[in-house]
Amino acid sequence: MEQKYPHLCSPITIGKTVFRNRMFSAPMGGTDITKDGCIGPRSLKFYELRAYGGAAAVTVSECMVHPSDGSHAFRLDLSVPESLPSFAYTADAIKRHGAVPSLELSHSGQYAGTYLADKNKKASLAQWGPSAHIRPDGVEVKALDKAMIDEIVAAYGSTAANAKRAGFEMLMVHAGHGWLINQFLSPLFNHRTDEYGGSFENRVRFAREVLTAVRNAVGPWFPIELRMSGDEFVEGGYHLDEGVKIAQALEDLVDIIHVSAGTYQGTFGITHPSWFEEHGRNVYLAAEIKKHVKKPVATIGGLSDPAMMEEIIASGKADIVEMARQLLADNQLPNKVMSNRDDEIVHCIRCFTCMAERPATFTRRCTCNPLIGRETEGLGELQPSPHPKKVLVVGGGPGGLYAAYTAARRGHKVTLCEATDKTGGLLIGEAAIPFKYDMYLLGETYRHLAEKEGVEIRLNTRVDRAYVEREAPDAVIVAAGSEPLLPPIPGLRESPIMFPAEDYYLNKDKIGNTCIVLGGGLVGCEMAVCLARDGKNVHIVEMRSELCPDANVRYRPLLMAEMAKYNVNIHTDCTCKSVDGNVVTCETPSGEKVEITGDSILCGLGLVPNTAVVEELRGSAPYFRSIGNCVKPDTITHTVYQGYHAALDI
């Protein structure tokens, strides 16, 4: 078979290990980590899913090597009876699907417990770093002495040996993102005056000692991957010129140089590129470092397009591409690329649901892929229904499309009816918001997948009870969505310059230079950023005391930063009372009147579920389910999940 992406699909040999392609699964933290650091069954399946999807290597993240890091993370500790077996079972689960199992060795240094949900425990942890100081958040950091440094170095070696014993066939040493090794490398953190600080040679000493200990533990042909930040992107840290020097200083001890970026503490949206950043925004770091080293180089950061990844390999910017969030959105991406089915790839929308769910519920979710976090229920291959049925799905938004797709995969005969002339629901409008265009594409991909599975899609088709009775389906899934909420604010509905935020894509050319956005939730704030990026003077009005409390914990700071960057005028504790011409009159809790004048008003005050459709069709078929916004306004994440399970229940 002639492959569409030959460079991406070509194997690479490192040492004596052959990797089946150039697509690696980057480290992603587990969820059911036991109290003593063992890998739980859900995490095992979580990593196995990426191996099953065709990744050449799957890295388990993060294994803390020493008790001075009090983070709740994996720990390979032979004194714990279940520890070694849990790692061995995980390595085996990855290996049996043809992938190389890798384990990330780490120490958080002065940021131990960063992701602990128990804030009291987090506050009680001792923090150790290269230099004694008080962190910006007031936490004391103690300097590691030589004895502790030696102990930690030895722990890297012993953990590496145990990982090899457990069946892992590669190790990644985490030396980036502001963790301990990076803290020694960085002038931002390292202010020592002994042999571990000051000069460049001294700052790389700890890293060299760690890598030497790991190499001595695993032997000469065992692949070691160094994960580093090519540039820290913070004032006082190192930049790409020194990133090149770090790679050169350490390459004799490693087999792969994995170039990431930034620090978790200051550059979250760069380390994990948000949708405000370009896809592949960190590739140039790897490309520059590759010019100066002889070892294979890996790149990472917002990569999801196989054409882009093919060009990266073909042009010599990197030898390997690594993906984390993308292999949540579609764990089968490598298999699809290898078999020329790239049209079926579900692309990551970079919404951070996956990363926000861990601190929220200690689990994982993915907006695009309802299987994530529930991998113990299967690896995505659905069981055919023993009794195929006739299924009618009402509504062609993301939930309805995914329900139709899933039901068709199980062998049911599926018809999807959409009242408008296009599927996608609320995702259609995202095409007009450049940084959210991937969300629009998600709807397009779901439609394509449904059609490939044989779903009949009928556009401009409203479904009432008589329609259902004529079709006589065995199952009806109602995903009829919602409508914009337009409260009875005097003058609002009558205003010729008012448009629902959800209809922005239909009215983009009518929007003036000064815009007033009503509603400071997620929709309103994203609308404000979109308009401000387009050069508009934007005011946002919110009756609550803070903006976008409905945004997830990882995304909200980035969204707020964008509003600050583009000088959005923020009016919190401000309730819209009336609209008169081009003047919006608001009132504060103290009764103060605030008048804002604008050329356009965008209303993002919420959604109203289409419950009338639900009630009309309830009981119209032996199996009936309503999902998504027609039940109550909710996230796409939950809507897709509900659609998936509604189809599984038929």
Could you measure the distance from the [atom1] atom of [X] to the [atom2] atom of [Y]? Nearest 0.5 Å is fine.
| X | Y | atom1 | atom2 | result |
| --- | --- | --- | --- | --- |
| His107 | Cys63 | NE2 | SG | 12.0 Å |
| Ile256 | Ser102 | CD1 | OG | 8.0 Å |
| Leu76 | Ile39 | CG | CD1 | 8.0 Å |
| Met28 | Arg358 | CE | CZ | 10.5 Å |
| Leu371 | Arg365 | CG | CZ | 12.0 Å |

Heavy-atom closest pair, residues [X] and [Y]:
| X | Y | value |
| --- | --- | --- |
| Phe233 | Ala261 | CE1-CB, 3.8 Å |
| Ala166 | Ala91 | O-CB, 3.8 Å |
| Arg350 | Glu278 | NH1-O, 3.8 Å |
| Gly54 | Asn335 | CA-OD1, 3.3 Å |
| Phe87 | Phe168 | O-CE1, 3.5 Å |
| Arg364 | Gly29 | NH2-O, 2.9 Å |

With distance as the sole test, does [X] use its side chain to make a donor-acceptor pair with the main-chain N or O of [Y] at under 3.5 Å?
| X | Y | answer |
| --- | --- | --- |
| Asn182 | Ser229 | no |
| Asp319 | Val297 | yes |
| Glu225 | Leu171 | no |
| Asp255 | Ile224 | yes |
| Ser71 | Gly113 | yes |
| Asp69 | Ser108 | yes |
| Thr445 | Val346 | no |
| Glu251 | Lys294 | yes |
| Arg165 | Ala88 | no |
| His66 | Ser68 | yes |

No-hydrogen, no-angle side-chain donor-acceptor test under 3.5 Å, [X] and [Y]:
| X | Y | answer |
| --- | --- | --- |
| Arg205 | Asn202 | yes |
| Thr353 | Thr367 | yes |
| Glu344 | His448 | no |
| Ser83 | Asp77 | no |
| Glu322 | His258 | yes |
| Thr263 | Glu232 | no |
| Tyr5 | Asp342 | yes |
| Tyr52 | Glu381 | yes |

Within the supplied structure, the quantity of interest is the number of heavy atoms (other residues, nucleotides, ligands) at a distance under 6.0 Å from [X] [atom1]; does it exceed 12?
| X | atom1 | result |
| --- | --- | --- |
| Glu82 | CD | no |
| Tyr89 | OH | no |
| Arg96 | CZ | yes |
| Arg374 | CZ | yes |

Going through the distances and angles, do Asp252 and Lys295 end up as a salt bridge (Lys or Arg N to Asp or Glu O under 4.0 Å)? CA-CA 8 Å; Asp252 63 306; Lys295 296 293 175 67; over 6 Å; no
Pair Glu430 + Lys436: basic N to acidic O under 4.0 Å: yes
Do Glu453 and Arg410 sit within salt-bridge range, that is, some charged N less than 4.0 Å from a carboxylate O? no
Side chain to side chain, [X] and [Y], heavy atoms closer than 4.5 Å:
| X | Y | answer |
| --- | --- | --- |
| Met1 | Asn340 | yes |
| Ser25 | Tyr47 | no |
| Leu648 | His645 | yes |
| Asp438 | His279 | yes |
| Leu333 | Met323 | yes |
| Leu180 | Phe206 | yes |
| Tyr156 | Ile181 | yes |
| Phe19 | Val100 | yes |

Given the ring of Tyr284, does Lys317 sit roughly above its face, with NZ or CZ under 6.0 Å from the centre of the six-membered ring and within 45° of the axis? no
Is NZ or CZ of Arg50 both nearer than 6.0 Å to the six-membered ring centre of Phe46 and within 45° of the ring axis? yes
When Ser106 is tested against each of Met172, Arg227, His177, Met64 for side-chain contact (heavy atoms from CB on, under 4.5 Å), which residue passes? Met64
Aromatic centroids of [Y] and [X] separated by under 6.0 Å:
| X | Y | result |
| --- | --- | --- |
| Phe268 | Phe352 | yes |
| Tyr402 | Tyr405 | yes |
| Phe184 | Trp179 | no |

Do Glu451 and Arg447 pass the salt bridge (Lys or Arg N to Asp or Glu O under 4.0 Å) test, and can you show the C-alpha distance, the side-chain angles, and the key distance before you say yes or no? CA-CA 6 Å; Glu451 288 180 330; Arg447 175 193 56 77; 2.8 Å; yes
Determine, stepwise, if the pair Tyr641 / Tyr644 fulfils ring pair (Phe, Tyr, Trp, His ring centres under 6.0 Å). CA-CA 5 Å; Tyr641 185 77; Tyr644 175 66; 7.1 Å; no
Mind running side-chain contact (heavy atoms from CB on, under 4.5 Å) on Ile345 and Val337 for me, showing each step along the way? CA-CA 8 Å; Ile345 292 171; Val337 170; 4.0 Å; yes
How far apart are the C-alpha atoms of Glu169 and Lys95, what are their side-chain angles, what is the distance that settles it, and do they pass the salt bridge (Lys or Arg N to Asp or Glu O under 4.0 Å) test? CA-CA 9 Å; Glu169 297 177 345; Lys95 201 181 313 183; 3.6 Å; yes
Start with the C-alpha distance between Thr59 and Glu104, add both sets of side-chain angles, then the distance that settles side chain to side chain donor-acceptor pair (under 3.5 Å), and finish with yes or no. CA-CA 6 Å; Thr59 300; Glu104 182 182 41; over 6 Å; no
For a salt bridge (Lys or Arg N to Asp or Glu O under 4.0 Å) check, start with the C-alpha distance between Asp343 and Lys4, then their side-chain angles and the critical distance, and finish with the verdict. CA-CA 12 Å; Asp343 62 307; Lys4 186 175 178 180; over 6 Å; no
